[in-house]
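Contents: one structure, followed by commentary.
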Amino acid sequence: MNKKHKFILSLDQGTTSSRAILFDHKGRINSIAQKEFKQIYPKPGWVEHDPKEIWSTQASVSAEVVAQAGLTGLDIAAIGITNQRETTIIWDTKTGKPIYNAIVWQDRRTAKFCDSLKKKYSKKIQEKTGLIIDAYFSASKINWLLNNVKGARQKAEKGLLKFGTVDSWLIWNLTRGKIHVTDVSNASRTMLFNIHDLKWDPELLKIFDIPESMLPEVKSSSEVYAKTATTLFASKIPISGIAGDQQAALFGQMCVNKGMAKNTYGTGCFIMMNTGKKAISSQNKLLTTIAWKIGDETNYALEGSVFVGGAAIQWLRDGLGIIKKAHHSEKIAKEVKDNGGVVFVPALTGLGAPYWDQYARGTILGITRGTEKGHIVRATLEAIALQSNDVLKAMEADVGKPTKELRVDGGASANNLLMQIQSDICQVDVVRPKDMETTALGAAFLAGLSIGYWDSIDEIQKIWEQEKIFSPKILEKECKKRIKSWKKAVKRSFSWVSE
Ligand SMILES: Nc1ncnc2c1ncn2[C@@H]1O[C@H](COP(=O)(O)OP(=O)(O)O)[C@@H](O)[C@H]1O
Ligand SMILES: O=P(O)(O)OC[C@H](O)CO
């Protein structure tokens, strides 16, 4: 069969659901299957997933999407993997069983430990890893698991345990325990990886007290790592692309040139700017990270993560119960002409970039007798846009250039009002692609490139299509006014709790 008549299967393992998507040679979606899984909150600030459920939901949607399309494994040219990043899984090499739940990127249990490292190591860690010391990254989570799960440290020291981010865990299972790998983009989120010499860093391993034998082999983002060995598919399919989900989205948005930026509106908001072959060290509390490595070329990016993006909408739905469905937020926010003076800072799990205050908490200011539910909902959408703008402005300051356009994707980018607000606040064009599953598409592109399904990035650029452009509708003066009151509110949310 002609390769071009085959499909690329993309596995998109996100924070709230596992998705499998089949893409055709034009980069169009043929079929999607998705399953949500359980979020486990054992204590305030702790967030866990069951690694077995991560695997079982991902395996079942993978089989489902192929069957649903009336295809078999023989129709799949390759598999690309993209995943929630930083989330930490440790498993027993012999049994393949996890020693504990996955500690999710949002989990704050290691905040104090991270604080204790800041004074001595902030500079060194930022130089080597591009990251700012925070409980967000994998290193302190691995350290916690080794120190708190009975017998873990002894086993790890004997080489009997493996650590992986979710990509490694999925590949371990897809290959029935034969392959333990990750790619540079995922490795760059662990706080153990030197992003300049592309190696696990012995000094960092010492600081976090982690044996190197636990770590996966680090590969590029686009190469054949292995072939599937599960019974999920009738044939052995090459796994040939891996990238952390935000890096995959940057690639899926074809932000392949220096200065191009994207924002993914999922649970959090993740703004990333391609900085080309150069790792730019941020002066504005952003992260320097590896976007991808293709062949011998490593591409770097600046990133700012907003912890609570679409999750603020979820909170309106599940916590406050003032909306029934996430997409109702648009209609309800449109019932009022503006925010009525209400400003919401959704620091529900602290504040990420560019503030990095793990002790900040959510606050709603400006409520009066006239405040309606629409004002709160509108202020929530504005907060998503304002947080994203803070990051974009920090990026522009780091690279010394204004952004031309912001490409958008993720669940909440379907909200037209939010996209218009984003364009107004940033005073840039917001460009939404036809295919909003850009994360999965990016992984498919990486997988397809390495097996020659697509010949080059140039060929892929030709198939990328935009759906809609949102241009600023308010004047810069009005925009500045809104940002001023937002900044005032953000200050009030700082250091609210001490634990
Ligand atoms: N129309 C919408 N308006 C605003 N928020 C939305 C809308 N649709 C989805 N969301 C939000 O987007 C998030 C889901 O996006 P998704 O990309 O699936 O996230 P993730 O990959 O983090 O699980 C949820 O937090 C949800 O509240
Ligand atoms: O699963 P998402 O889309 O919320 O992304 C999670 C990020 O990778 C965390 O860094």
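With Ser138 contributing its side chain and Glu86 its backbone, the two residues share a donor-acceptor pair below 3.5 Å. Panel note: side chain Asp201, backbone Asn194; no donor-acceptor pair is recorded below 3.5 Å. The main-chain N or O of Pro51 is found under 3.5 Å from a side-chain atom of Trp169 such that the two form a donor-acceptor pair.
Judged as a salt bridge (charged side-chain N to carboxylate O under 4.0 Å, His left out), and not counting sequence neighbours, Glu53 has no contacts. The side-chain contact (heavy atoms from CB on, under 4.5 Å) search around Ala440 returns Ser10, Asp12, Ile21, Phe23, not counting sequence neighbours. The ring pair (Phe, Tyr, Trp, His ring centres under 6.0 Å) check on Trp200 picks up Phe193, with sequence neighbours excluded. By the ring pair (Phe, Tyr, Trp, His ring centres under 6.0 Å) test, Tyr41 is found to be paired with no residue, residues two or more places apart in sequence or in another chain being considered. In this structure Phe37 satisfies the ring pair (Phe, Tyr, Trp, His ring centres under 6.0 Å) test together with His49, sequence neighbours excluded. Shown here are the salt bridge (charged side-chain N to carboxylate O under 4.0 Å, His left out) partners of Lys293, two or more places apart in sequence or in another chain: there are none. In terms of the side-chain contact (heavy atoms from CB on, under 4.5 Å) criterion, residue partners of Leu320 (sequence neighbours excluded) are, by chain and number, Trp315, Leu316, Ile322. Remark: Lys123 engages Glu127 in a salt bridge (charged side-chain N to carboxylate O under 4.0 Å, His left out) (not counting sequence neighbours). Thr288 pairs by the side-chain contact (heavy atoms from CB on, under 4.5 Å) definition with Ile195, Ala279, Leu302, not counting sequence neighbours. Here Phe113 pairs with nothing under the ring pair (Phe, Tyr, Trp, His ring centres under 6.0 Å) rule; sequence neighbours left out. With sequence neighbours left out, the salt bridge (charged side-chain N to carboxylate O under 4.0 Å, His left out) criterion links Arg407 to Glu405.
Looking at every heavy atom in both residues, Asp107 comes nearest to Lys141 through O-NZ, 3.3 Å.
For the pairing with Tyr100, the ring-ring contact (aromatic ring centres under 6.0 Å, His included) check across Trp91, Trp46, Trp144 returns one residue only, Trp144.
Between Lys206 and Glu203, no side-chain nitrogen of the basic residue sits less than 4.0 Å from a carboxylate oxygen of the acidic one, so the salt-bridge criterion is not met.
Evaluation of the side-chain hydrogen bond (donor to acceptor under 3.5 Å, both in side chains) test over residues 341-357, restricted to residues two or more places apart or in two chains, returns Tyr355-Asp390.
Between Trp55 and Trp172, every side-chain heavy-atom pair lies at or beyond the 4.5 Å cut-off.
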